[in-house]
Amino acid sequence: MLVAASVVIPILWTLLSGFKNRVDIVTPTPMLFFTPTLDNFLYVLERDSVRAGLINSIIVSGCSVLIGAALGLPLAYAVARYPMRFANDIQFFVLSLRFLPPVAIAIPLIVIWLDVDLYDTRIALIVTYSLLTLATTIWLAIPAFKRVPNEIEEAAFVDGYGPYSIFFLIALPIAWKSLMGAIVFSFVLVWNEFLIALMLTTSDAKTLPVVASEMTQLGRDVPWGILNASVILLSLPPLLFLGVLSSFLSSALKPRNQG
Amino acid sequence: MKIRTSLPIVFTVPTMVVLAILAFVPTIDAINIALQNRELSNPDSVYVGFANFRALVDDPRFLNSVWVSIEWEILTVVATMAVAVPLAVLLFEATSPNVRNALCVLFIVPALLPRVSAAFVWRFAFHPLFGLAVYPLRLITGHPVDLLADPHTAMLAVAIVDVWQWGLLFSVVIVKLLETLPPQPLEAARLDHARTWEVYAYVALPMLRGALISLVFVKMIESLRAFDLIYVMTRGGPGITTETLDMYAFSQGFIESGRISYASSMAVLMMIATTVAFTVLWRRVRRWQEV
């Protein structure tokens with residue numbers, strides 16, 4: 001119970017403070033009752049930097065997730081279903097991409113994008129993030145495809161389906177629920193990503209986390225209410241997927257009897 | 001299915017090519033830049049051999065950041081598991097399935113928050129004058145306590161946030177794993193008058209050994225990515241007490257001096273160290289799991 005409280009209270013407190021006037025936040029004793037105000041949210045939503053950040057975030061995460069799914073799912077299927085000589089090597093390679101420290105990728109990429117004149121553009125971010133979404137999608141989709149019962153695919157083959165139509169018409173729809181989880185997970189990862197965005201953008205292509213973090217660095221006389229509001233805005237999209245992800249987690253951890 | 005088809009090649013090759021380009025171009029370029037003396041403000045540069053690496057060895061701030069990174073890694077991995085395992089057992093033992101499921105959903109929330117948000121939520125809660133988390137401390141001591149500005153507590157305070165995100169998530173994972181265990185061995189142990197903690201310590205958790213080891217492995221990788229937390233909460237401060245390797249590389253390459261080559265040489269060292277360490281560990285993990 002205590003732990004549950006530790007989850008709820010700080011978040012709730014931030015949420016409440018988003019609706020507080022400055023006077024009510026800067027009190028020596030925490031205040032629970034106050035006159036709520038929407039000013040903070042209105043202010044945040046009217047800021048151009050926040051709007052631009054929101055649009056950038058949506059475009060960048062959307063595109064890189066799509067690329068990750070379009071290229072990643074077929075590979076995952078091929079690794080899961082067809083005995084290949086390099087299957088293990090491919091899996092390890094994809095996993096090893098997760099070992100790379102993000103700074104280590106970001107620093108050379110600054111130089112590369114500067115040299116080709118794409119620094120601080122959405123394209124640069126999308127391409128960079130695709131590495132992230134690809135690795136994540138592949139890693140999570142392989143077990144999802146393996147859980148599709150082999151018998152169904154064999155039956156489809158007997159019915160005269162070719163290998164490609166088995167993938168598109170049988171395997172994809174059956175594994176869809178778990179695959180959705182994998183794709184959503186890669187979305188949350190990219191949406192929340194901060195370091196690479198911070199290093200690869202300076203003004204035009206800033207994503208929401210970068211904008212929000214800049215607001216948190218405003219110095220001593222901090223407009224806390226506004227900050228709280230902007231942090232809440234940033235956190236909403238990942239939380240929308242809470243349901244999808246928690247059921248994905250449950251199904252991914254179910255014992256695989258059919259193995 | 002024993003049919004000849006182009007599918008494996010068509011599905012594999014293009015993606016692997018894209019992945020390889022995305023992964024190897026920056027990696028190779030990182031090495032290339034590390035051997036030059038390039039700066040952000042000035043695109044002209046010459047090759048300087050290993051000068052950057054030699055300079056690193058004599059840089060006390062670099063050595064400090066290596067130490068801070070190791071400390072951070074150990075602290076967060078141990079603390080996360082120390083929170084996750086008992087909490088999971090508690091959840092599994094003491095709550096009804098409905099309550100447990102509700103709590104599980106709740107415990108995923110911190111991990112879903114963008115780290116920037118999580119860091120901010122807690123920075124706000126730790127605020128010396130009106131933070132909620134330090135309110136009791138303020139009442140007891142009578143004066144404001146700034147955990148994040150005190151060199152002794154800063155890293156601990158940041159680690160709390162990391163464990164808040166990962167420890168709770170892992171406890172959910174472990175609960176779900178416990179639910180998949182066959183109940184018979186646990187019941188047998190109970191019939192033999194094993195105490196509750198013994199049932200878990202000697203029967204249930206060893207059955208999950210492989211999964212637990214993987215969780216530790218995942219956490220080790222994730223702990224390397226604490227940049228966002230540290231950046232928002234302390235920026236490596238006070239002084240350089242929470243300056244991890246990535247934080248230092250970032251400030252060298254970006255804010256303080258724009259010495260991109262110097263930063264890149266750090267990045268290369270990090271890449272080599274983590275790749276070697278995790279490749280070795282991964283092989284080990286695989287072996288332990290198979291036993």
Side-chain angles (χ1 to χ4, degrees), chain A residues 3-4 6-7 10-11 13-14 25-28 30 71-72 74-75 77-78 82 84 96-105 107-112 130-131 134 154 157 163-164 188 191-192 194-195 199 209 212-213 216 224 227-228 231 234-235 238-239 242 245-246 249-250 253-255, chain B residues 1 3 5 7-8 11-12 14-16 18-19 22-23 25-26 29-30 33 87 103-110 112-117 120-122 124-125 130 132 135 164 168 172-173 176-177 180 221 224-225 227-228 231-232 246 249-250 253-254 260 263-264 267 270-271 274-275 278:
Chain A
V3 184
S6 86
V7 177
I11 296 178
W13 191 246
T14 306
I25 297 176
V26 193
T27 51
L71 287 173
L75 177 83
Y77 178 71
Y82 289 87
M84 276 190 292
S96 71
L97 293 177
R98 296 286 299 154
F99 302 166
L100 290 177
V103 203
I105 307 180
I107 290 173
L109 278 173
I110 296 175
V111 180
I112 295 174
S130 296
L131 181 66
L134 266 173
E154 271 158 20
F157 178 67
Y164 289 96
V188 171
W191 179 274
N192 293 355
F194 173 66
L195 190 155
M199 294 177 87
S213 89
T216 66
W224 287 101
L227 273 181
N228 280 309
V231 164
L234 170 65
S235 316
L239 291 183
L242 180 64
L245 284 174
S246 81
L249 194 64
S250 306
L253 295 171
K254 286 252 168 65
Chain B
M1 275 178 279
I3 23 158
T5 163
L7 184 138
F11 276 9
T12 318
T15 311
M16 285 311 283
V18 172
L19 265 183
L22 285 178
V25 169
D29 210 48
I33 298 167
L87 186 61
L103 283 177
C104 281
V105 173
L106 188 65
F107 285 179
I108 301 177
V109 172
L112 275 187
L113 287 183
R115 298 207 107 190
V116 172
S117 301
F120 174 76
V121 164
W122 281 93
F124 188 53
F130 33 87
L132 195 61
Y135 180 61
W164 181 66
L168 297 186
V172 174
V173 173
K176 304 273 177 201
L177 290 170
T180 65
I221 297 175
L224 290 174
R225 281 150 224 271
F227 179 87
D228 333 18
Y231 181 82
V232 174
D246 38 10
F250 172 74
F254 228 60
I260 200 96
S264 195
M270 277 163 77
M271 264 194 290
T274 50
T275 310
F278 284 123

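Predicted model, so just to flag it, every value in this text is computed and none were measured. The sequence lines fix the lettering, A, B, ..., with proteins before strands; numbering per chain opens at 1.
In terms of heavy-atom pairs under 4.5 angstrom with chain A, the leader among B:L224, B:V105, B:L177 is B:V105. Annotation: maximal heavy-atom pairing with chain B below 4.5 Å, among A:L134, A:L109, A:V103, A:L75, occurs at A:L75. Counting heavy-atom pairs under 4.5 Å between each of A:L131, A:L97, A:I110, A:I105 and chain B puts A:L131 at the top. Between chain A and the options B:V18, B:T274, B:L19, B:I108, the largest number of non-hydrogen pairs under 4.5 Å is found for B:L19. Here B:F11 is the residue among B:F11, B:F278, B:F250 with the most heavy-atom pairs under 4.5 Å with chain A. When the candidates A:L245, A:V111, A:V188 are compared by the number of heavy-atom contacts under 4.5 Å with chain B, A:V111 comes out ahead.
Scanning all heavy atoms of the two residues, the minimum distance from A:P108 to B:I33 falls at CA-CD1, 3.8 Å. Shown here for A:A104 and B:A267, the closest heavy-atom pair between the two residues is CA-CB, 3.5 Å. Here the closest non-hydrogen pair linking B:L112 and A:P238 is O-CB, 3.4 Å. The heavy-atom pair separating B:D228 from A:N192 by the smallest distance is OD2-O, 4.2 Å.
Ring geometry for A:F194 versus B:Y231: interplanar angle of 30 to 60°, hence tilted.
Side chains of B:F227 and A:P102 form no contact here, defined as non-hydrogen atoms less than 4.5 Å apart.
For B:I221, the part lying under 4.5 angstrom from a heavy atom of chain A is the side chain only. Both the backbone and the side chain of B:V25 come within less than 4.5 Å of a heavy atom in chain A.
Rounded to the nearest 0.5 Å, atoms CG (A:L71) and CE (B:M16) are 12.0 Å apart. The CD1 atom of A:I107 sits 6.0 Å away from atom OG of B:S264, with the distance rounded to the nearest 0.5 Å.
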